[in-house]
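One structure is given below, encoded as structure tokens.
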Amino acid sequence: MSNEFEDNDVEYIVMIQQVKEQWRQLISEQLVLLAKEKSIDENELLKAGPLSVQIPPKPEMGDLAFPLFPFAKVFRSSPAQIVSMLKERLVGVCGVSESSILPAGPYLNIRLDVSSLARDVYTRVSNEKDSYGHTSYLKGKRIMVEFSCPNTNKPLHLGHLRNDAIGESVSAILKANGAEVQKVNLINNRGVHICKSMLAYQKFSDGETPESAGIKGDHLVGKYYVRFAQWEKEDPSATEQAQQMLKKWENGDEEVLSLWNRMNGWTIDGVEQTYKKTGVSFDAYYYESDTYMLGKDNILKGLENGVFYKEEDGSVWIDLSEINLDKKVVLRKDGTSLYLTQDIGTAIQRHEKWPFDSLIYVVASEQSYHFKVLFYVLEKLGYEWAKDLHHLSYGMVNLPDGKMKSREGTVVDADDLFDSLTSLAKQEIIGKAREDIVGDVDKVSASIALGALNYYLLQTTTTKDMIFNPDDSISFSGNTGPYLQYMGARISSMLKKWDEMKHDFDGIEFDPAVLDLQEERELIKQIALFPSLVLEGAKEYNPSVITSYLYDLSRLFSRYYHDHAVLKAQSSVLIKARVTLVEMVLQVLKNAYALVGIPFLESM
RNA sequence: GCGCCAAUAGCUCAGUUGGAUAGAGCAACAGCCUUCUAAGCUGUGGGUCAGAGGUUCGAAUCCUCUUUGGCGUACCA
């Protein structure tokens, strides 16, 4: 799946791909000449298709691989024979050094001149610093990203955390590709579910407040939402009473409105605190209570224009047979609006306030039907920009025993989870007796918790369902956020030592030629690869591209510095070169962390 | 019923436009701390890529069917 933007007119330079393309061209040319020599028809050759470039499975096999299977038929030779003919030409005619060509059966493998790549990478990383890896793919595009969208009747849970992590990360990735991004939140503050917590509060609370009870506002409101569910079991009239309250709300009943304002304030205040802890922020807020009327107006307009039709009972419908769906109610028979109606209004208001080139809704996959209908309705209403709307559908978060269910009390609360992660991180720091080195223990613990959480939530491909295993999620070893942060911290600590000794290296230039270890070659290539993954992440709206890149880079680095001394290398030139490499790794780590919500820590 | 999505090691997940011996982490076992942070590194064991066909020189990847699971198909949000 790719997004709506065209690749044309966009210039983004991705070093390793340039090198790839150069080699592909060179070899393709030789393939054509070879065919001519053998009097093979050019059209025949074309049938074999363009030459493809791959990466060999093992680094010692070379850096690039060109499989020659497809050409066997045309050349009436085995792929291996073609490889050896090509090698002869490349070395003899093109003057390519023999050592850079590694024939491997049917594959023509190329060993790159990594030191020249290292020099390019070094120039780019040291010039671009925090923006290394960024592209101009989406330059000039205005993209709105909607995510989180809490209800005002309960606190955030694990599902919101995945939503938030994806929303923040996708926004950061789009920005890194040059887009102007506006992050928006839609507060679901209207509807019968909101009235349920209000009603229970009225009946059972004795007027307690977050202050008097010493409970975070969203949790206090959530407590009454749960209380309603209990009461509903005892008193069958509960639901009806809630509906009556909704009617009062819609009629502007002052008492109801004032309670609504008060309790919404509590919830939003509590949710804001959670956002702050988890590094979530928005550029604009929208409220369903503000937009549902606009949606309703548009339905009525569409009714006049024949987009919708009215049933005898007064309800308004749209026929969806054009997109192979049934039909759908857009306005209730009593004239009140639905979820869909509100979303229509919200979209219109957004495009008026901030005309966008694209609007991305980060919403769980269970709502894909809703968005299909929403986009279709907007298109039918004549809004041209309806084609620019995109549902970024992410999978559900399940528990090892199955789905989270509020009725069964298996919902994982966002604050509880974050706080327990934080206290585990703190225990870890204390257990290692690193309080003094770390400094602000609470702050660092919270950053570790956040890194662990975001990495855990973003490493699964966005669109897939995932299982949240509480035991795994609180583990800080192996393929986890803290592992990645640890690399950054160790490099930082190494570079601090370097600061003290670097004046002895003043006259020494960075010489990439001395970085000839396999691990060093791999690290350089990995650094050079980063921009292409930032681009891929944006094209696919998929942060997991970045998380897996980060893990690969960290693992490469971790092995490297375990086995090879940097500050105590054999020669000054080598020390300087390795330090430079390490500095580049740190820069890329930081830039990648920023895209997936992993805080950088100088020490941990 | 219909529609959408998924199925890869005991568990959680990666797996590029179809390419070489399908990779990690966890869990298990065995090593490595007077050595740039052991939140680390190394090694061992663990696979019918749900099943069956098809396309292809070549399929975890593309197509068809089957099985299993999830979600949707509300005048809920």
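A note on names: the letters A, B, ... follow the listed sequences, proteins ahead of strands, and every chain is numbered from 1.
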Considering Watson-Crick and G-U wobble pairs with both distances under 3.5 Å, what does [N] pair with?
N: B/rC4; value: B/rG70
N: B/rU12; value: B/rA24
N: B/rG53; value: B/rC63

Checklist outcome for this item: CG (A/Leu589) and OH (A/Tyr549) are apart, to the nearest 0.5 Å, by 8.0 Å
Checklist entry - Atom NZ in A/Lys372, atom CG in A/Asn324: separation rounded to 0.5 Å? => result 9.5 Å
Taking the same atom, [atom1], in [N] and in [M], what whole-Å distance lies between them?
N: B/rU56; M: B/rU66; atom1: C1'; result: 23 Å
N: B/rG31; M: B/rU16; atom1: C1'; result: 36 Å
N: B/rA52; M: B/rU48; atom1: P; result: 12 Å
N: B/rA14; M: B/rA74; atom1: P; result: 32 Å
N: B/rC62; M: B/rC5; atom1: P; result: 12 Å
N: B/rU8; M: B/rG51; atom1: P; result: 10 Å
N: B/rC13; M: B/rA9; atom1: C1'; result: 11 Å
N: B/rC2; M: B/rA20; atom1: C1'; result: 44 Å

Checklist outcome for this item: Numerically ordered, the residues 552-561 of chain A set in heavy-atom contact under 4.0 Å with RNA chain B is A/Ser558, A/Arg559, A/Tyr561
Checklist entry - Would you call A/Asp63 and A/Lys525 a side-chain contact if the rule is heavy atoms closer than 4.5 Å? => result yes
Next on the checklist: Taking the side chain as everything from C-beta on, heavy atoms only, tell me whether A/Tyr107 gets closer than 4.5 Å to A/Phe66.
Outcome noted: no
Using a cut-off of under 3.5 Å, enumerate the N/O to N/O pairs linking the protein to nucleotides 60-63 of chain B.
none

For [X] and [N], what is the distance between atoms [atom1] and [atom2] respectively, to the nearest whole Å?
X: A/Lys403; N: B/rG69; atom1: NZ; atom2: C1'; answer: 13 Å
X: A/Ile437; N: B/rC36; atom1: CD1; atom2: C1'; answer: 14 Å
X: A/Leu340; N: B/rA77; atom1: CG; atom2: P; answer: 10 Å
X: A/Asn398; N: B/rG69; atom1: CG; atom2: C1'; answer: 11 Å
X: A/Lys327; N: B/rC2; atom1: NZ; atom2: C1'; answer: 16 Å
X: A/His391; N: B/rC4; atom1: NE2; atom2: P; answer: 16 Å
X: A/Glu500; N: B/rC36; atom1: CD; atom2: P; answer: 14 Å
X: A/Tyr369; N: B/rG3; atom1: OH; atom2: P; answer: 14 Å

Checklist entry - Does B/rC32 adopt a syn or an anti glycosidic conformation, taking syn as a chi angle within 90° of 0? => result anti
N/O donor-acceptor pairs under 3.5 Å from side chains in residues 151-159 of chain A, not counting sequence neighbours:
from     : atom 1 : to       : atom 2 : distance (Å)
A/Asn151 : OD1    : A/His193 : NE2    : 3.4
A/Thr152 : OG1    : A/Asn264 : OD1    : 2.7
A/Asn153 : ND2    : A/His193 : O      : 3.3
A/His157 : ND1    : A/Gly159 : N      : 2.9

Checklist outcome for this item: For A/Ala165 and A/Asn454 the tightest heavy-atom approach is CB-OD1, 3.6 Å
Next on the checklist: Could you check whether A/Glu428 pairs with A/Lys432 (Lys NZ or Arg NE/NH1/NH2 to Asp/Glu carboxylate O, under 4.0 Å)?
Outcome noted: yes
Checklist entry - What residues, two or more places apart in sequence or in another chain, satisfy ring pair (Phe, Tyr, Trp, His ring centres under 6.0 Å) together with A/Tyr455? => result none
Checklist entry - Taking the six-membered ring of A/Tyr394, is the NZ or CZ of A/Arg162 close enough (under 6.0 Å from the centre) and on axis enough (within 45°)? => result no
Checklist entry - Are A/Lys539 and A/Tyr137 in a cation-pi contact, defined as NZ or CZ under 6.0 Å from the six-membered ring centre and within 45° of the axis? => result yes
Are [X] and [Y], when compared by the centres of their aromatic rings, separated by less than 6.0 Å?
X: A/Tyr456; Y: A/Phe468; result: yes
X: A/His370; Y: A/Tyr339; result: yes
X: A/Trp498; Y: A/Phe505; result: yes

Next on the checklist: Should the side chain of A/Ser315 and the base of B/rC75 be counted as holding a donor-acceptor pair, with the cut-off at 3.5 Å?
Outcome noted: yes
May I ask you to say what [X] touches in the nucleic acid, namely base, sugar-phosphate or nothing, with a heavy-atom cut-off under 4.0 Å?
X: A/Leu495; answer: nothing
X: A/Lys497; answer: sugar-phosphate
X: A/Asn151; answer: sugar-phosphate

Checklist entry - Listed by chain and number, what are the side-chain hydrogen bond (donor to acceptor under 3.5 Å, both in side chains) partners of A/Ser169, not counting sequence neighbours? => result none
In terms of side-chain heavy atoms of [X], which of [options] is nearest?
X: A/Asn479; options: B/rA24, B/rC57, B/rG40; answer: B/rA24
X: A/Phe476; options: B/rA39, B/rC41, B/rA77; answer: B/rA39
X: A/Leu567; options: B/rG40, B/rC36, B/rA77; answer: B/rC36
X: A/Met494; options: B/rA39, B/rC36, B/rA77; answer: B/rC36
X: A/Tyr551; options: B/rA77, B/rG40, B/rA24; answer: B/rA24

Checklist entry - Want to settle it: does A/Ala565 or A/Lys432 sit nearer the 5' end of RNA chain B, counting the closest nucleotide to each? => result A/Ala565
Checklist outcome for this item: Residue pair A/Val566/A/Asn188 against RNA chain B: nearer the 5' end by closest nucleotide is A/Val566
Checklist entry - For A/Lys328 and B/rC75, is the shortest distance between a side-chain N/O and OP1 or OP2 below 4.0 Å? => result no
Look for any protein N or O under 3.5 Å of an N or O in nucleotides 11-21 of chain B and output each such pair with its distance, or none.
from   : atom 1 : to       : atom 2 : distance (Å)
B/rC13 : OP1    : A/Ile467 : N      : 2.5
B/rA14 : OP1    : A/Thr461 : N      : 2.5
B/rA14 : OP1    : A/Thr461 : OG1    : 2.8
B/rA14 : OP2    : A/Lys464 : NZ     : 3.3
B/rG19 : O2'    : A/Tyr107 : OH     : 2.1
B/rA20 : N6     : A/Asn109 : OD1    : 3.4
B/rA20 : N1     : A/Asn109 : ND2    : 3.2

